[in-house]
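For ligands, and for the atoms within them, numbers begin at 1 and follow the listed sequence.
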Amino acid sequence: MWQIQKTIGCSLLLALLSGALPAQQAQKVQPDLLTVIDSALQKAVLQYKYLGTQLPADVLPKTYYPLTKKFETSKSSWWTSGFYPGSLLYLYEYAKDPALLAEEKRIEKIIEKEQFNKGTHDLGFMMFCSFGAANRLAPSKEYEQILLNSAKSLSTRFNPTAGVIKSWDHGDWKYPVIIDNMMNLELLFWATQFSGDSSFYKIAVTHANNTIKNHYRPNNSSWHVVDYDISDGHVISKKTHQGYADNSAWARGQAWGLYGYVVMYRCTKDPTYLAHAKKIAAFIMQHPTTPEDKIPFWDYDTPEIPATYRDASAAAITASALLELTKYVDPTSGNSYTGFAEKVIRSLSSPTYTALYRQNGGFILKHSTGHLPGNSEVDVPLTYADYYYIEAMLRYKALKAKK
Ligand code: GLY
């Protein structure tokens, strides 16, 4: 038997070398994705331990500019402050390395004051990716209070006339809501479940319903920014901030929407949200500009495609969302979602996107785009790309462990 396998192995290798193997069969000889993921997670643990050594006290990692070798950090009030601790906790869950947990505890002290920050809609990202995960792993009264206070702070930004949570306090907008805001609602569901106060739940559902109504286009892509007039709740304008054009589909915005409506379905079991998530998934997966490796360009509609930048962060968010969505649908749809996510994870785990140890400022992934029109964070690593990539890999492992 062993001899037969060995012979088949040799002929496959010969066929591959001679280029005689059909593409479908060639794919079969790729390493098993679970093996790829284990190797990627082990590398991620080492890389993040190195990242920790690069970090000055009291700040969070943000990005790294490979050309100038500039390592950029942020204060706790910046919207990405929850991703580094969140990634540390995911990696700790995987590796059980106490150094990762100790570093996360150090960071908690830096960001906990943000529970009272009423000047941002990003408290879900900041507090739920960090303290939400910490509380899931080791529930405590202290964590619960921090999370509840964060949900209360976020709720102060809800306007009942417009029925939405305000995103930004800056700019020339009146009451701007960005599609990204869908990601902050999970914190509100947690708060209702924990406290029994249904007002958080109602805010989340109202915001999500108005976002379906006002942010989504007939082709199931989303505008980035919708500005409301809170005197009567009417929409003043629909624009972009980080996308190519007002009517284009900014890649990360599509990913935030997909992930957000998958969470909405998980938390409410309302089939409207499932149907909406499926439509967004179809937009992303079937888009003609989605490249073969499934890492999208930074905007699906930029005319510069293919001579423009990718956004690994959008791909990571999408993969993670699809791996949850797959649990809520029929097996055929589920297989297509899982298959797409598998391709994304494989691509991100390749040397094209995964940095070498101690390179890339200590971040895991290369080639994300933060804000191209603002000429900021273009073709760089980003903490949230790493976070959702790690999450996607852990979700994949959990999915396969169940089968
Ligand atoms: N939430 C901000 C961004 O995705 O760039």
Contacting atoms of ligand 1, where contact means under 4.0 angstrom from a heavy atom of R252: 3 (C), 4 (O), 5 (O)

Heteroatom distance test (W256, ligand 1): nitrogen or oxygen, under 3.5 angstrom: yes

More than 12 heavy atoms from other groups under 6.0 Å of CD on Q42: yes

Protein contact to atom 1 (N) of ligand 1 [nearest heavy atom, distance to 0.1 Å]: D180 OD2, 2.7 Å

Passing option when Y328 is tested against Y265, Y337, Y273 for side chain to side chain contact (heavy atoms under 4.5 Å, CB included): Y265

Residue pair Y388 / R395, side-chain heavy-atom distance below 4.5 Å: no

Sub-3.5 Å N/O-N/O distance, D122 and ligand 1: no

Y84 and Y387 aromatic centres sub-6.0 Å: no

Part of Q242 within contact of ligand 1 (heavy atoms, under 4.0 Å): side chain

Y357 and Y50 aromatic ring geometry - parallel, tilted or perpendicular at 30°/60° bounds: perpendicular

